[in-house]
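All remarks here apply to the structure that follows.
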Amino acid sequence: CMYIVRSEIYYVLRMAEESKQLQEFTERACRVFRECSLVPSAAGAWIRPSDRSRYEVEVRWSQRELERGKKMAFCKSYFVERASQEEGAGLERVCTTAFQSDVTRIQKLAYSSDGSVKAVLVKEKPAKAEPAEEPQQYIEIWHSDALLKTINVQLLKKHGKIHDDIHFGSFHLSANGKQLLYIAEREKPKAVSYFKKLPEKPEEGPTPKRGEEYVYDPSWGEQLDSVVNPVPVVLDWETEECCVIDTEKMGDISAGQARWVPGEEGGVVFVGWENRPQKLGFVYCLNRRSALYHANHKTGDWKRLTENTHDVFSPRFSPQGDKLVYFEAVAEGPHHSCAALKMINWSSKAITTVVDIVKRPKPGQFPGFYAVFLPERCWDSRGQRVVLNDQWGSLQEVLSV
């Protein structure tokens with residue numbers, strides 16, 4: 001009996017000691033995690049010329065806010081100037097803003113080419129909203145001095161939610177800063193029962209579909225559950241005229257990654273992913289059959305630029321507008337496989353391979369492209385080189401092609 005009692009006492013004391021050590025370790029781990037959460041990470045940046053020699057660099061930062069259990073986003077501006085020829089080429093920092101500005105409510109941001117107009121997509125509740133009311137999306141148009149206009153997206157009644165994800169979402173101002181290009185959900189017709197009487201006077205919008213109230217319309221899966229039928233949209237923010245580019249005539253596709261065509265009024269290029277055989281799981285399996293499409297929202301003309309037998313993504317125009325580069329990978333193969341860098345001569349629409357897929361790289365040699373996106377402004381000013389960052393072994397390297 002005494003042996004059993006001693007064993008029990010030893011066990012209890014040992015468990016208490018281990019529990020105390022575990023508690024101390026947990027407290028120390030929490031303290032370290034709190035300290036690490038105070039360090040923000042850069043999530044994006046924009047460069048705008050201030051004058052001939054000065055530039056404004058606006059950086060968007062992301063930081064965890066543990067007390068409220070969410071991520072905070074804020075912006076800070078840095079003003080730099082170009083060094084003189086006597087001092088040598090390069091940039092030197094001049095000054096920075098004293099405090100940051102909270103931009104957590106901002107979903108998308110776009111600047112005009114001259115930097116005078118800024119378009120912002122925000123999501124928030126109206127001032128007199130009910131507690132259970134869902135937040136709404138608003139488009140704010142800013143000049144350098146003041147807010148010019150606010151547009152309630154729901155009141156446009158031309159489309160659904162504007163997508164802000166990194167795979168489908170786009171948000172770009174035209175060259176003159178008066179039109180906004182983005183990706184939104186196609187307006188879905190109301191589904192009613194066969195037994196419900198329809199009003200004699202038709203309502204605005206698509207004609208209701210009878211007997212389809214229980215039809216399942218699949219989305220693109222986890223983290224993209226609200227992306228079902230995305231379409232390109234052009235909004236004239238001065239007149240609030242909204243034009244939805246009809247992609248149904250182009251096939252059963254979902255549109256995304258739309259961009260303006262330089263020098264062409266109303267011209268748009270976007271990626272169209274095939275909706276079949278399935279949509280689910282897109283964020284983990286990006287290599288789906290897709291193609292590049294060119295459409296003009298003013299004339300209604302459209303053309304498919306590439307075959308829809310491969311996975312194409314991330315189109316980027318050169319500053320002169322004469323070249324279009326994009327990635328092309330094998331569809332329906334291994335996830336995140338190597339991609340080729342392709343280029344379209346915009347005048348002839350001829351496609352050339354700049355860098356082909358690397359199947360078996362030798363040690364120390366270029367392993368191929370595995371990047372998910374090209375940078376927004378990946379071209380040099382002459383339109384001769386493309387600069388990007390990509391994985392090379394265990395490192396992230398800056399590459400020039």
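In this chain, residues are counted from 1 in sequence order.
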Which atom of [X] lies closest to which atom of [Y], heavy atoms considered:
{"X": "Gln278", "Y": "Arg288", "value": "O-NH1, 3.1 Å"}
{"X": "Phe270", "Y": "Ala255", "value": "CD1-CB, 3.7 Å"}
{"X": "Arg316", "Y": "Pro375", "value": "NE-O, 3.0 Å"}
{"X": "Pro361", "Y": "Pro367", "value": "CB-CA, 3.8 Å"}
{"X": "Ala295", "Y": "Met250", "value": "CB-CE, 4.0 Å"}
{"X": "Leu324", "Y": "Leu292", "value": "CD2-CD1, 4.2 Å"}

Which of Lys342, Arg289, Glu328 passes side-chain contact (heavy atoms from CB on, under 4.5 Å) with His310? Answer is Glu328
side-chain contact (heavy atoms from CB on, under 4.5 Å) partner of Leu121, chosen from Ile106, Ile139, Ile151, Leu180:
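Going through Ile106, Ile139, Ile151, Leu180 one by one, the side-chain contact (heavy atoms from CB on, under 4.5 Å) with Leu121 is satisfied by Ile139 alone.
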Salt-bridge present ([X], [Y]; N to O < 4.0 Å):
{"X": "Glu67", "Y": "Arg34", "answer": "yes"}
{"X": "Glu376", "Y": "Arg259", "answer": "yes"}
{"X": "Lys298", "Y": "Glu265", "answer": "yes"}

Classify the side-chain pair [X]/[Y] by whether it contains a donor and acceptor separated by less than 3.5 Å.
{"X": "Gln391", "Y": "Gln396", "answer": "yes"}
{"X": "Gln257", "Y": "Tyr326", "answer": "no"}
{"X": "Ser219", "Y": "Asp225", "answer": "no"}
{"X": "Gln223", "Y": "Asp165", "answer": "no"}
{"X": "Glu185", "Y": "His159", "answer": "no"}
{"X": "Trp142", "Y": "Glu140", "answer": "yes"}

Crowded around [X] [atom1]? As in, over 12 foreign heavy atoms under 6.0 Å?
{"X": "Lys178", "atom1": "NZ", "result": "no"}
{"X": "Lys158", "atom1": "NZ", "result": "no"}
{"X": "Arg60", "atom1": "CZ", "result": "yes"}
{"X": "Lys249", "atom1": "NZ", "result": "yes"}
{"X": "Lys71", "atom1": "NZ", "result": "no"}

Do [X] and [Y] have side-chain heavy atoms sitting under 4.5 Å apart?
{"X": "Asp380", "Y": "Val387", "answer": "no"}
{"X": "Leu286", "Y": "Phe313", "answer": "no"}
{"X": "Val39", "Y": "Trp61", "answer": "no"}
{"X": "Leu173", "Y": "Gln179", "answer": "no"}
{"X": "Ile162", "Y": "Lys108", "answer": "no"}
{"X": "Pro232", "Y": "Ile183", "answer": "yes"}
{"X": "Tyr293", "Y": "Val268", "answer": "no"}
{"X": "Lys125", "Y": "Pro135", "answer": "yes"}

Between [X] and [Y], what is the ring plane arrangement, given parallel below 30°, perpendicular above 60°, and tilted in between?
{"X": "Phe369", "Y": "Phe327", "answer": "tilted"}
{"X": "His167", "Y": "Phe282", "answer": "perpendicular"}
{"X": "Trp346", "Y": "Phe317", "answer": "perpendicular"}

To the nearest 0.5 Å, tell me how far Leu235 CG sits from Ser174 OG.
10.5 Å
Working to the nearest 0.5 Å, report the span between NE2 of His294 and NZ of Lys349.
6.5 Å
